[in-house]
**Student:** 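Before I ask anything, let me first share the structure, which is written out below as structure tokens.
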2 protein chains.
Amino acid sequence: MADLTGPVERSAASRGRAGHDFAAGLRSRPIVIENVQPEIDHGRFPVKRAAGARFEVRATVFKEGHDRLAVVIRHRLAGRSPQSPWNETPMTIENPGLDLWRGEFSLPEIGRYEYTIEAWADEFESWRHEVEKKAEAGQDLTLELLEGRALVARGRDRAAGEALDRVLEAFDSSDDARRRIKLLMSPELRGIMARRQERLCGAVYDHVLEVVADRPRARFAAWYEMFPRSQGREPGKSATFEDCIRRLPEIAAMGFDVVYLVPIHPIGRMHRKGPDNALHAGPDDPGSPYAIGALEGGHTAVHPELGTLEDFRGFVAEAGRHGMEVALDFAIQCAPDHPWVREHPEWFSFRPDGSIKYAENPPKKYQDIVNVNFYGPHREALWAALRDVVLFWAGQGVRTFRVDNPHTKPVPFWEWMIRSVLERYPDAVFLSEAFTRPPMLKMLAKVGFSQSYSYFTWRNDKRELTEYLTELTQTEAREYLLPNFFANTPDILPVFLQTGGRPAFKIRLVLAATLSPLYGIYNGFELCENAPIPGTEEYLHSEKYQYKVWDWDRPGHIKDDIAAVNRIRRENPALQEFANLRFHTAHDDAILFYGKMTADGANKVLVAVSLDPFDAHEADIEIPLHDLGLDGGHVYEVSELLSGERHSWTGARQRIRLTPDNPAAIYRVAS
Amino acid sequence: MADLTGPVERSAASRGRAGHDFAAGLRSRPIVIENVQPEIDHGRFPVKRAAGARFEVRATVFKEGHDRLAVVIRHRLAGRSPQSPWNETPMTIENPGLDLWRGEFSLPEIGRYEYTIEAWADEFESWRHEVEKKAEAGQDLTLELLEGRALVARGRDRAAGEALDRVLEAFDSSDDARRRIKLLMSPELRGIMARRQERLCGAVYDHVLEVVADRPRARFAAWYEMFPRSQGREPGKSATFEDCIRRLPEIAAMGFDVVYLVPIHPIGRMHRKGPDNALHAGPDDPGSPYAIGALEGGHTAVHPELGTLEDFRGFVAEAGRHGMEVALDFAIQCAPDHPWVREHPEWFSFRPDGSIKYAENPPKKYQDIVNVNFYGPHREALWAALRDVVLFWAGQGVRTFRVDNPHTKPVPFWEWMIRSVLERYPDAVFLSEAFTRPPMLKMLAKVGFSQSYSYFTWRNDKRELTEYLTELTQTEAREYLLPNFFANTPDILPVFLQTGGRPAFKIRLVLAATLSPLYGIYNGFELCENAPIPGTEEYLHSEKYQYKVWDWDRPGHIKDDIAAVNRIRRENPALQEFANLRFHTAHDDAILFYGKMTADGANKVLVAVSLDPFDAHEADIEIPLHDLGLDGGHVYEVSELLSGERHSWTGARQRIRLTPDNPAAIYRVAS
């Protein structure tokens, strides 16, 4: 028969179903621990936080009747050998009407932490509470004092200690009720009893949950996506890593943190695509860098036109000297002439006529690409080889990987691969290009991707943006999904940029950079390049299929705006968080008004962005005085960070004017 | 190494965390099954439905890439020996953009059913889909046909069958592509392959979930709470079961389904309370029936003043003849002179001076009641004895138990006790008097109580009622929590009834009876009895502490209103459900307007209730034409069921007038 008052066991609500006999009935515990927040799929997946942060945990904990409860968070750094001991941090009741408890602990370093909840009936506190109420009502306490003494004696029996002996002696040596009350109600005794007492009806939450603490740049960074072969000056010819290095000061000056390169590997020659995705390439056409692999090598080789592996390492080092890191593209597909096709035909699928199966999405055909077969009999070697590609580049100093189309590869592969890489490189970061349906997009984030592409690229009006950002920041998704708001990509030139011109680029820049701590642009954005293949979101004469040379100082560029926005992001910690986003009222459907502040209130930022690239808008906005801790009756100071202008405002309602040339205002509110 | 294409295993999302080696990585499965609805605490607790209903299940199911999936619900009646085989019911995709699947199965009888989800990659359907798209685009299908033949041959290899042999022969005997396509794309072959194919990447959801199908009266019933000793005619004397039997025709005529009796057991004499809860009783005071047990017996005895056990059985039988069933009160506390105190002192707690510990909620003292100790060393015998009390009364023909203060007893006790009773009496029903904080109230519903008291009693204005009912009917709580809306109880005479008089009683009657399929009144409600102890919600001269005689035909009674409302409930199946409640717009803050309809749309009811007992209100309401399937441009017919009036209405906006005398309108909309 289970011992109901014995040591800690699983909580009532979380054990297996009660069986049919008495012992089975007792398996469940009277203290219920439920509704632990945050928690993803009952602990199957970790939540994510920044290393160095405090981590807040809530839980609903209750028991029948009127007993006082003690509730603690148990937590430790996971995966150490020998295993770290559990730490205990007390929780306090936050909402008694809902039995809601709250506590927090810190995440000092990068890594995986485990946490769970423990609770027990606190007999001594229950006794104290009863005595307090009876004393207030002037009731006789003779029996209560004897009961209190018995509790102390039991505490002494559990672990001998002079302090408790002294209390018992003093109690017994006097029968003055007032003295005895003072003795038993002393704060010292309370503290000792909290440690000494048996944990009656002890319950531990059924799940051990995890929180992953990432390095700060995994959660706050501005990305610059670069087509390395287009960074040179000579038309009809590939640029080199040398050329790329020459561009680094300019990119650093714009304030970027990550330089992300599309695939840098040799490009297949079989069925190579020509300009504008033509079915056949001319002899001098370079092909798409996403058709990976040729005679010169595959996923671990560098395209000879760009330089050597050593040149690449030089580029990484130089970026580092500019305070930036390099991200590589991990695209699993192969060109038909990838060395693996020859060396490991068992990793691919073949058709009844012996031909290799190229990629298709009927009726579309991608003859320049073949996919590996993740389910074939030799998959173990294949999966390892793919993992080793990532490890190879990690060995070259790369820690950030943008993964192409992860939603067309098995979820278990990603979970295994990312875990496996993190064991060797705990600071590795993976960005998921999951432009797919929400369940898969979210699942990839759950199984290990640090960041994800999102639908931001297609959210333009006030309702769309408010709804989407509210979902991302105010639902469970915020616990594990960090979007990286790309304003454009080599595959996506959004219609809003096509039609809205330069003001549209400024608008999308400010939105991406202030709504999300992670955002990115693809080169050409700073030049407001927006010529599409008509009726599509494809760039006209895309550099995906041809050599290209850009004038990076072309008139009309918005490099200064980018530099300003990135500087503002760095100077304002509120903009380095995501879940702190709140929307506020602007009395104009074309003006989006929102704000962020740090938990300590030291940094408060408000952003107003016109969503109309064509016309000026003048409207009232409602400053959330209460949220900002401001008194409506007094003057408060506000700096507009793009113009440097300062204002003294009174009251909640303020009038602002935004124009196509200056479509945004970013205010810092003085504390 | 795990076999990825092998037989069914657990799904990716729901397995333990992936480990560090390859095999561990493969443990998780590529098909994700998540977000199964309904599901309470990952299957720890069952959801509840009515026997005879169809049970709807939804789940998010997806896999990487473009494979077609097959998804089924597996379900069976639980707890049979030998175990019932699993049934499979196909699910269909309901929302492709969210990978949301839907299916349903029926719950033909009372009992516990198990269900879970299984999914696999449907290779033949994927092939068919590809062929269809390529055929549309006019592409060559030579290789696709050979691939299709290979699938059929594999199906044949798995289980020999003439049908597939014939297909293969026919295929091979002709090389006419058109004939071959027709052969492989035939609906017959599709059906055979659906059954014959290997379940590739098969995944089963990690949890086996449960749904409990209750008998209809557990979910739809009008309760009449009766103080049996007050049903007679002789002042200063207890009524008998004979007297109670005489009242049954009247109660049945009002349309009640359940007659619930407060405790019928001998009442303790030690520390018996006097009239109006006086500390000391006079020699002729009967005491509170909640101080259970005396020399004459305890929880399995009948108070001699009411009659014998046989008399009680006669009462139950007579109620049955009137189409009603009897509910008993299960109140675990004992009077200090309860036989158990003498026979089983080990079940109680004693104080340092040897006195028994009576109930307290400091500074309040309940000297006429002692509580059992659920945690003592002899708890096994105690718990069994308590369970046996319920079994005893079930043996007398009682199937419905209203449980007093369950939130002051351990949750595991209830889970074990109710399970244990249901094994012997699957049609037993338990109503939880959990007037406590929401987490415990909900937990008691989760662990087995069929019904629960609720906060309805204190929800009076439009906002309160709308918010509370929306929470009850539109959140997860609706899956397991069925409130029983009591308009009053022996402990609660709500202020609204105290001040609002007869119109207030009519208002609360209609609200309780039409908002919730389960509702109840406590005797005296039909007489609009509303004299309080001033400043409290206690009845003045409550029959809890004294003999009482009522004139059940007292002027001003609302028995006809009650009869009308109960008749309308019985005649309108829409009112027999709960989660179908929807609020609609009334352009007056004192008018609550809502509706219910059956899933098939055959019965549609709209209810407008004035919440103001003092003044008449005339206002517009907005008929939800779209929800009702009505065309705004045409005339539709509406019957007001309380008055019998019929209307022909056009358009959504209708004007109504509600008065203190006729504060409600219940419309049936013609289909």
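Residue numbers start from 1 in every chain, and the chains themselves are labelled A, B, ... in the order their sequence lines are given, proteins ahead of strands. Here the structure is a predicted model, which means the values were calculated and not measured.
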**Student:** Is it the backbone or the side chain of A:Lys357 that comes under 4.5 Å from a heavy atom of chain B, or both, or neither?
**Tutor:** side chain
**Student:** So which of B:His66, B:Glu130, B:Glu147, B:Met417 has the biggest tally of heavy-atom pairs under 4.5 Å with chain A?
**Tutor:**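 Sorted descending by pairs with chain A, the first entry is B:Glu147.
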**Student:** Using every non-hydrogen atom in the two residues, find where A:Pro363 and B:Gln139 come nearest and quote the distance to one decimal.
**Tutor:** O-NE2, 2.9 Å
**Student:** Shorter than 4.5 Å, heavy atoms on both sides: which option in B:Asn371, B:Val447, B:Thr60, B:Asp353 has the most such pairs with chain A?
**Tutor:**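 Max contact count across the listed options: B:Asp353.
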**Student:** Is B:Glu132 in contact with chain A via its backbone, its side chain, both, or neither, using a 4.5 Å heavy-atom distance?
**Tutor:** neither
**Student:** How close do A:Arg437 and B:Pro96 get, heavy atom to heavy atom, and via which atoms?
**Tutor:**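 Smallest heavy-atom distance, with atoms named: CD-O, 3.1 Å.
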**Student:** Does the pair A:Lys133/B:Glu360 count as a salt bridge with the N-to-O cut at 4.0 Å?
**Tutor:** no
**Student:** Under a 4.5 Å heavy-atom cut-off, does chain B meet the side chain of A:Glu136, its backbone, both or neither?
**Tutor:**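 When you check distances to chain B, no heavy atom of A:Glu136 falls under 4.5 Å.
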**Student:** Using a cut-off of under 4.5 Å for heavy-atom pairs, which of B:Gly97, B:Ala137, B:Ala150, B:Pro406 has the most such pairs with chain A?
**Tutor:**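 Option with the greatest count: B:Gly97.
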**Student:** Does any non-hydrogen side-chain atom of A:Glu64 lie less than 4.5 Å from one of B:Phe413?
**Tutor:** no
**Student:** I need the residue from A:Pro352, A:Pro438, A:Gly65 with the largest number of non-hydrogen atom pairs under 4.5 Å to chain B.
**Tutor:**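 Ranked by contacts with chain B, first place is A:Pro352.
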**Student:** Quick one: which of A:Arg351, A:Lys409, A:Glu144 has the most heavy-atom pairs under 4.5 Å with chain B, could you say?
**Tutor:** A:Arg351
**Student:** Chain A: which of B:Thr408, B:Asp99, B:Thr436 shares the most heavy-atom pairs with it under 4.5 Å?
**Tutor:** B:Asp99
**Student:** Do A:Tyr375 and B:Pro30 have side chains that get closer than 4.5 Å, going by heavy atoms?
**Tutor:** yes
**Student:** Could you check which of B:Thr142, B:Leu146, B:Leu143, B:Leu98 has the highest count of heavy-atom pairs closer than 4.5 Å to chain A?
**Tutor:** B:Leu143
**Student:** Which residue out of A:Lys365, A:Lys446, A:His407, A:Met440 racks up the most heavy-atom pairs below 4.5 Å with chain B?
**Tutor:**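 Among the listed options, the one with the most contacts to chain B is A:Met440.
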**Student:** What pair of heavy atoms forms the shortest contact from B:Pro439 to A:Glu34, and how long is it?
**Tutor:** CB-OE2, 4.1 Å
**Student:** Which bit of A:Asn405 is near chain B, if near means a heavy-atom gap under 4.5 Å: side chain, backbone, both or neither?
**Tutor:** neither
